[in-house]
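This is a predicted model, so every value here is computed, not measured.
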Amino acid sequence: MANTRRAKPASGPGAVPATAVHTIKVTLDGSRPPIWRRLQVPSTTTLQQLHHLIQVAFGWEDYHMWAFEAGRERYGVADRDLGIRSAASKRVGDVAPLVGSRLGYTYDFGDNWEHDVLVEAVDAAEPGIAYPRCLTGRRACPPEDCGGVWGYDYLIEILADPSHDEHEERLEWLGMNTADQFDPAEFDLAEVNKALSDYQSVLVPS
């Protein structure tokens with residue numbers, strides 16, 4: 001798990017330490033069994049960047065609208081009509097500075113995939129370690145456009161029953177020949193970290 005060294009305070013009001021790291025657990029609300037990822041991200045990560053990291057860590061395809069909820073504020077692609085401020089304007093350390101802080105993250109305003117983002121630790125970066133990184137997680141990401149948590153549960157039920165009226169139709173929709181090509185219990189930590197490598201940097205040289 002995260003190291004126990006605390007991040008050094010930054011100077012100046014509202015400053016976020018450049019070498020601080022947030023350990024966060026991101027859980028897909030309503031998923032049973034739970035679908036989640038534990039990530040370590042620099043505390044200076046903007047919410048816009050965090051959006052991309054969650055997309056990569058879960059396996060979403062990033063072609064729907066999204067927003068973070070922090071208190072009464074919403075952050076995403078700025079939209080005055082929807083009351084959404086720019087996610088590039090806030091960092092994780094600004095809106096969730098303490099252990100126990102929580103953010104909401106909604107992806108796809110149609111299927112309404114809601115995620116709970118819980119801050120589990122705020123530590124000093126380890127020398128020589130590249131961030132962000134995924135520490136662990138559970139279960140596969142649902143397919144896009146399957147109807148939210150309820151629709152995903154129904155999809156799993158259909159795939160598990162070859163005699164179901166919609167079985168072949170759903171296989172075709174997923175682009176699969178057989179149901180065993182999709183394993184809802186699958187989680188590949190190495191693949192997630194490989195995908196995150198494009199975003200990584202070492203905060204403290206070894």
Side-chain angles (χ1 to χ4, degrees), residues 2-3 7-8 10 12 14-29 35-80 82-109 113-137 141 144 189-205:
N3 64 60
K8 294 181 180 179
V16 177
T19 58
V21 172
H22 270 54
T23 301
I24 59 175
K25 184 178 182 181
V26 186
T27 304
L28 185 60
D29 285 351
I35 301 170
W36 57 272
R37 307 288 185 262
R38 179 170 287 117
L39 307 174
Q40 286 188 319
V41 304
S43 302
T44 54
T45 300
T46 67
L47 294 183
Q48 184 178 54
Q49 292 168 332
L50 183 60
H51 155 70
H52 293 296
L53 300 182
I54 292 174
Q55 289 283 309
V56 170
F58 271 79
W60 295 119
E61 297 181 29
D62 198 8
Y63 57 73
H64 291 290
M65 294 182 68
W66 55 275
F68 285 95
E69 296 84 35
R72 297 182 178 180
E73 300 293 341
R74 299 177 76 202
Y75 299 94
V77 177
D79 188 315
R80 183 174 298 177
L82 294 177
I84 299 176
R85 301 171 64 181
S86 172
S89 68
K90 291 292 182 180
R91 299 168 294 182
V92 173
D94 296 323
V95 297
L98 304 174
V99 173
S101 296
R102 273 191 149 92
L103 299 173
Y105 170 71
T106 301
Y107 172 60
D108 185 352
F109 295 169
W113 299 107
E114 296 182 342
H115 305 67
D116 175 66
V117 182
L118 171 66
V119 178
E120 295 185 322
V122 182
D123 299 306
E126 296 182 45
I129 297 297
Y131 301 94
R133 62 177 177 169
C134 183
L135 299 179
T136 187
C141 181
E144 297 268 3
L189 179 62
E191 282 298 315
V192 171
N193 278 311
K194 180 179 179 181
L196 288 172
S197 64
D198 289 341
Y199 301 88
Q200 289 180 338
S201 63
V202 174
L203 304 183
V204 179

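The shortest side-chain heavy-atom distance between Arg85 and Glu73 falls under the 4.5 Å cut-off. Side-chain atoms of Glu144 and His64, non-hydrogen and from C-beta on, do get closer than 4.5 Å to each other. Annotation: side chain of Thr106 is not in contact with side chain of Trp113 (no heavy-atom distance under 4.5 Å). Annotation: side chain of Val21 is in contact with side chain of Leu203 (closest heavy-atom distance under 4.5 Å). Side-chain contact between Val117 and Thr27 is absent, with no heavy atoms from C-beta onward closer than 4.5 Å. Side-chain contact between Val192 and Val56 is absent, with no heavy atoms from C-beta onward closer than 4.5 Å. Counting heavy atoms from C-beta on, the side chains of Trp36 and Asp116 never come closer than 4.5 Å. Looking at heavy atoms from C-beta onward, Glu120 lies out of side-chain contact with Ile24 at the 4.5 angstrom threshold.
The two residues Leu39 and Ala57 have their closest heavy-atom pair at CD2-CB, 3.8 Å. In terms of heavy-atom proximity, Val41 sits nearest to Leu53 at CG1-CD1, 3.8 Å. Across every non-hydrogen atom of Ala88 and Gln48, the tightest pair is CB-OE1, 3.6 Å. In this structure, Ala78 and Ser86 approach most closely via the heavy-atom pair CB-N, 3.9 Å. Looking at every heavy atom in both residues, Cys141 comes nearest to Gly59 through SG-C, 3.9 Å. The minimum heavy-atom distance linking Leu103 with Ala70 is given by the pair CD2-CB, 3.6 Å.
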CA sep, side-chain torsions, deciding dist, call: Asp123, His22, side-chain hydrogen bond (donor to acceptor under 3.5 Å, both in side chains)
CA-CA 7 Å; Asp123 299 306; His22 270 54; over 6 Å; no
Applying side-chain contact (heavy atoms from CB on, under 4.5 Å) to Asp62 and His51, what does each step give before you reach the verdict?
CA-CA 9 Å; Asp62 198 8; His51 155 70; 2.9 Å; yes
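One distance of note links OG1 of Thr44 with CG of Asp94; it measures 9.5 Å at 0.5 Å rounding. Distance check, rounded to the nearest 0.5 Å: OG1 of Thr23 to CD of Gln40 gives 4.0 Å. Taken from OG1 in Thr19 to CD in Glu126, the straight-line distance is 12.0 Å, to the nearest 0.5 Å. Note that CG of Leu50 and CD of Gln55 are 10.5 Å apart. Values are rounded to the nearest 0.5 Å. Between the OG1 atom of Thr136 and the CZ atom of Arg38 there is a distance of 7.0 Å, given to the nearest 0.5 Å. Here CZ of Arg133 is found 10.0 Å from CG of Leu189. Values are rounded to the nearest 0.5 Å.
Using modelled atom types, one side-chain atom of Ser43 and one backbone atom of Ala20 make a donor-acceptor pair closer than 3.5 Å.
For Ala67, the side-chain contact (heavy atoms from CB on, under 4.5 Å) partners are Glu69, Arg74, Ile84, Phe109, not counting sequence neighbours. Remark: Tyr75 pairs with no residue by the ring-ring contact (aromatic ring centres under 6.0 Å, His included) rule, at least two apart or across chains.
For the side-chain hydrogen bond (donor to acceptor under 3.5 Å, both in side chains) test with His115, the passing option among Trp60, Tyr107, Trp66, Tyr105 is Trp60; the others fail.
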